[in-house]
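Step one of this worksheet: look at the structure below.
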Amino acid sequence: MEINKFLKTTVAAAAVSAFAGMASADDVEVLHWWTAGGEAAALGVLKDDLASQGVGWQDMPIAGGGGSDAMTVLRARVVAGDAPTAAQMLGFDIKDWAGSTGNLANLNSVAEAEGWDAVVPAALQDFSKHDGNWIAAPVNVHSTNWVWVNKAALDAAGGKAPTSWEELITVLDAMKANGITPLAHGGQAWQDATIFDAVVLGLGADFYKAAFIDMDEDALGGDMMVEAFNRMAVLRSYVDDNFSGRDWNLASAMVIEGTAGMQMMGDWAKGEFLKAGKTPGEDFVCIRFPGTQGLVTFNSDQFVMFDQGEASDSQMAMASAVMSPAFQSAFNVVKGSVPARTDVPNDAFDDCGKKGMADFAEANAGGGLYGSMAHGHANPAAVKNAIYDVVTAHFNGEYDATEAAEEMVNAVLDAQ
Ligand code: GAL
């Protein structure tokens, strides 16, 4: 992270924590990175739910999609002996915190009383539990292999949603010919990596697993990886010149407005479309990244509670609120994700949400569910960040595809 940005976020952390020091015992101070319109709307559902139970909210937002900046601030706070009450966290970060510091609060009492074991899918429990104890409450399941397409732009490009790489290129070419930016993208490492998740998965579930989950050297540096980078370079050619540094929600806005045709992004993007008053099927279309139908790369936002030295009622109330079936429906309808429990009806969800729930259940049952590399559910942060560096350097033209595949092996080996 640039020094300025680090200082800014760290100073902001200190300022907010000074304020948080005045919080009452019934408050929770929540560190999170949900600052875009759709994300903030979803967070509002949680704040309101807690307020109705008499639990106040001290907000600790750290902007930055994917949460890397939030994790930097969190570390600084904990090192300074000033942990927040609760923090949003992803996958391997939860494992790292649970394993290395041991200062995450044990949620077993509420989990047992409410029967979480029976309703949270095993793939999520793997990240919510440490040594058999519940240490995180999963609020949702997102997935990264989605494409969000402007409906009018798709109609003007022939009207057929692409289901294969070749069809995707045909549609992107048609959008280009129609004078719009075919692919809305923000040049930030985590966004490049989000597309890379889908491109790798599109070359086969076995390849995705071998490269990102098993970190197999042959997969990381072989012909398929070269092909994945070739495809990234092809996609790069459909992105506009001003992509560098653009936030993901601004890329979503380009698709919402129709100045761009599509965005390859996790389903938090849907929150932006909904916030803008758009309707799936009418204004926009949600499809799985072509070639990944039936497969899901998932990430689950979970809330961990930092041990405050004594059991805190407000922390337990928050954990309980997060896991209530009614809340999981209300929250995920707005957020774009799907519930983290298997017993929530899909009635309140729109067509994309219903598809998301069905896809997740199908992938979970059929062995097609994989943790997202880009969003911290395939490997620890050090490995993830090493992969980010290679993917972004290639996307910006520093390596050709062959060099990138070689660098991938070196980066992953070094980071382990
Ligand atoms: C993901 C997170 C989502 C969304 C997204 C963009 O890592 O799981 O909830 O916030 O980042 O910020």
Side-chain angles (χ1 to χ4, degrees), residues 9 30-46 59-74 86-96 123-124 127-128 136-146 148 184-198 245-253 255 263-275 296-304 322 328 331-340 352-353 356 360 370-381 384-385 387-388:
T9 41
V30 185
L31 186 146
H32 64 90
W33 63 93
W34 285 335
T35 56
E39 294 175 325
L43 201 65
V45 178
L46 179 56
D59 206 30
M60 181 67 209
I62 311 293
S68 296
D69 293 347
M71 289 304 103
T72 304
V73 172
L74 179 63
Q88 177 192 357
M89 225 180 250
L90 292 173
F92 274 83
D93 288 331
I94 303 174
K95 286 183 183 287
D96 283 354
L124 303 192
F127 296 104
S128 319
V139 67
N140 64 10
V141 190
H142 274 300
S143 56
T144 58
N145 58 320
W146 286 105
W148 307 91
H185 180 62
Q188 296 174 345
W190 74 271
Q191 293 189 60
D192 301 339
T194 300
I195 298 187
F196 197 61
D197 257 4
R246 175 188 287 140
D247 286 330
W248 67 273
N249 52 317
L250 300 182
S252 304
V255 181
Q263 181 183 23
M264 296 160 179
M265 184 49 65
D267 38 14
W268 47 91
K270 192 185 78 178
E272 295 300 298
F273 284 80
L274 300 182
K275 188 86 196 344
V296 167
T297 39
F298 79 96
N299 59 300
S300 168
D301 292 302
Q302 309 213 10
F303 283 106
V304 299
V322 158
Q328 291 251 338
F331 175 87
N332 287 304
V333 159
V334 177
K335 184 70 168 69
S337 36
V338 305
C352 294
F360 178 67
Y370 299 95
S372 157
M373 176 279 294
H375 293 269
H377 281 68
N379 31 51
K384 177 188 85 170
N385 290 331
I387 296 176
Y388 274 18

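Every number for a ligand or one of its atoms is a count from 1 in the order of the listing.
The shortest separation from a heavy atom of Gly67 to ligand 1 is not under 4.0 Å, leaving the residue out of contact.
Screening residues 31-45 for side chain to side chain donor-acceptor pair (under 3.5 Å), with sequence neighbours left out, gives His32-Asp59.
Counting heavy atoms closer than 4.0 Å to ligand 1, residue Asn140 contributes nothing at all.
Here the side chain of Gln328 pairs a donor or acceptor atom with the backbone of Ala340 at under 3.5 angstrom. Side-chain atoms of His377 come within 3.5 Å of backbone atoms of Ser300 as a donor-acceptor pair (strictly under, hydrogens ignored).
Closest to atom 1 (C) of ligand 1, if we only count protein heavy atoms, is His375 ND1, 3.4 Å. Atom 2 (C) of ligand 1 has its closest protein heavy atom at Asp301 OD1, 3.4 Å. For atom 4 (C) of ligand 1, the nearest protein heavy atom (residue, atom name, distance) is Glu39 OE2, 3.3 Å.
Polar contact check, Trp190 against ligand 1: no nitrogen or oxygen pair lies under 3.5 Å apart.
Those atoms of ligand 1 with a heavy atom of Leu90 less than 4.0 angstrom away are 7 (O), 8 (O). Close approach to Lys335 involves these atoms of ligand 1, each under 4.0 Å from a residue heavy atom: 3 (C), 4 (C), 9 (O), 10 (O). Using a 4.0 Å cut-off to heavy atoms of Asn299, the atoms of ligand 1 that qualify are 1 (C), 2 (C), 7 (O), 8 (O). Residue Trp33 approaches ligand 1 through these ligand atoms, each under 4.0 Å from one of its heavy atoms: 1 (C), 2 (C), 7 (O), 10 (O), 11 (O), 12 (O). Remark: ligand 1 atoms within the under-4.0 Å shell around heavy atoms of His142 are 3 (C), 8 (O), 9 (O).
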- Task: Step by step, work out the side-chain contact (heavy atoms from CB on, under 4.5 Å) result for Asn299 and Trp268.
- Result: CA-CA 11 Å; Asn299 59 300; Trp268 47 91; 3.8 Å; yes

- Determine, stepwise, if the pair His185 / Asp192 fulfils side-chain contact (heavy atoms from CB on, under 4.5 Å). CA-CA 8 Å; His185 180 62; Asp192 301 339; 2.7 Å; yes

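Residues forming a side-chain hydrogen bond (donor to acceptor under 3.5 Å, both in side chains) with Gln188 (at least two apart in sequence, or on another chain): Trp190, Gln191, Asp247.
Donor-acceptor pairing under 3.5 Å is lacking for the side chains of Ser337 and Asp267. Under the 3.5 Å distance criterion, with hydrogens and angles disregarded, no donor-acceptor pair is assigned to the side chains of Thr297 and Asp197.
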